[in-house]
Amino acid sequence: PRHWAAMEAALDPARRRRASPPDLLDVDRACHEIIWEAAGNRFLTATLDTLYAQSDRLWHLYLNGVADTSEAVDEHDAILDALRAGDADRAGSLVEAHVRAFDAHIRAAVARRLASPVAIGGR
């Protein structure tokens, strides 16, 4: 319960106002770290922290090209609901969908950047 209360508190500012992309990054990171800590597996946490660092690099490289990602707050809310309910299958499915949505946003941003006149002229 203390982890889910912390996740609720991390999400609250983003729910109350339109969060900027850097604010959403902070919320996303906080939610992920809370879930990792709740798992109580330091090996899992170390692995996920390394993977998150890589996704964070992509996020910063393409942040301006990423579409509105405010739906990530809704995704985290749904994940939190499933975790509070103890519904591991639903939580797992929602986490997978969250990761896939991030992947789709980054792929679209990369494609837009590669299709830009600046990128085409530089080939």
Side-chain angles (χ1 to χ4, degrees):
R2 88 176 155 83
H3 290 101
W4 310 151
M7 192 166 165
E8 181 81 35
L11 285 164
D12 193 50
R15 287 187 198 117
R16 284 187 276 125
R17 60 177 165 71
R18 181 138 174 92
S20 68
D23 290 341
L24 286 172
L25 276 176
D26 292 343
V27 169
D28 186 73
R29 177 74 184 197
C31 288
H32 290 230
E33 288 178 345
I34 290 164
I35 293 170
W36 304 342
E37 182 183 315
N41 181 327
R42 66 186 172 97
F43 299 108
L44 176 66
T45 298
T47 300
L48 292 174
D49 194 46
T50 299
L51 292 171
Y52 194 92
Q54 296 304 311
S55 68
D56 193 51
R57 284 182 59 221
L58 288 171
W59 201 228
H60 286 287
L61 279 170
Y62 295 101
L63 187 58
N64 291 333
V66 174
D68 177 22
T69 56
S70 59
E71 74 276 355
V73 173
D74 295 334
E75 292 168 0
H76 284 112
D77 269 329
I79 292 165
L80 176 58
D81 289 344
L83 291 168
R84 279 187 168 145
D87 189 341
D89 290 336
R90 183 166 159 252
S93 294
L94 291 167
V95 167
E96 183 177 346
H98 175 66
V99 170
R100 289 184 187 278
F102 172 80
D103 180 66
H105 282 299
I106 292 297
R107 286 177 186 268
V110 170
R112 280 192 301 277
R113 183 167 296 174
L114 291 175
S116 77
V118 174
I120 292 170
R123 288 185 189 166

Q. Rounded to the nearest 0.5 Å, how far does CG of L80 lie from NE2 of H3?
A. 12.5 Å
(Q) Please determine whether residues Y52 and L58 belong to a single hydrophobic cluster, defined as Ile, Leu, Val, Met, Phe, Trp and Tyr linked transitively by side-chain heavy-atom distances below 4.5 Å. (A) no
Q) Looking at CG of D74 and CD1 of I79, how far apart are the two atoms once the value is rounded to the nearest 0.5 Å? A) 11.0 Å
Q) Side chains of L114 and V110: does their closest heavy-atom pair fall under 4.5 Å? A) yes
Q.
Please give me the minimum heavy-atom distance between I34 and A10, naming the atom from each residue.
A. CD1-CB, 4.3 Å
Q: Would you check, one step at a time, whether the test side-chain contact (heavy atoms from CB on, under 4.5 Å) holds for W36 with E33?
A: CA-CA 5 Å; W36 304 342; E33 288 178 345; 3.9 Å; yes
(Q) Within this structure, what is the CG-CH2 distance for the pair D81 and W4, rounded to the nearest 0.5 Å? (A) 12.0 Å
Q: Could you tell me whether a side-chain N or O of H76 sits under 3.5 Å from a main-chain N or O of A72, the two making a donor and an acceptor?
A: yes
Q: Rounded to the nearest 0.5 Å, what's the gap from NE2 on H98 to CG on D103? Could you check?
A: 12.0 Å
Q: Please lay out, stage by stage, how D49 and R29 fare under the test salt bridge (Lys or Arg N to Asp or Glu O under 4.0 Å).
A: CA-CA 10 Å; D49 194 46; R29 177 74 184 197; 2.4 Å; yes
Q. Does any non-hydrogen side-chain atom of R15 lie less than 4.5 Å from one of V73?
A. yes
Q) Taking atom CG of L48 and atom CZ of F43, what is their separation to the nearest 0.5 Å? A) 13.5 Å
Q: Verify salt bridge (Lys or Arg N to Asp or Glu O under 4.0 Å) between E75 and R100, making sure each step is shown before the conclusion.
A: CA-CA 11 Å; E75 292 168 0; R100 289 184 187 278; over 6 Å; no
Q: Compare every heavy atom of A39 with every heavy atom of L44, then report the nearest pair and how far apart it is.
A: CD2-CB, 4.0 Å
(Q) On a heavy-atom basis, which atom in C31 and which in M7 lie closest, and how many Å separate them? (A) SG-CG, 3.8 Å
Q.
Please determine whether residues V95 and L11 belong to a single hydrophobic cluster, defined as Ile, Leu, Val, Met, Phe, Trp and Tyr linked transitively by side-chain heavy-atom distances below 4.5 Å.
A. yes
Q.
Which heavy atom of R90 sits nearest to which heavy atom of A78, and what is that distance?
A. NH2-O, 3.8 Å
Q. Just how far is it from atom CG of D89 to atom CG of L94, taken to the nearest 0.5 Å?
A. 11.0 Å
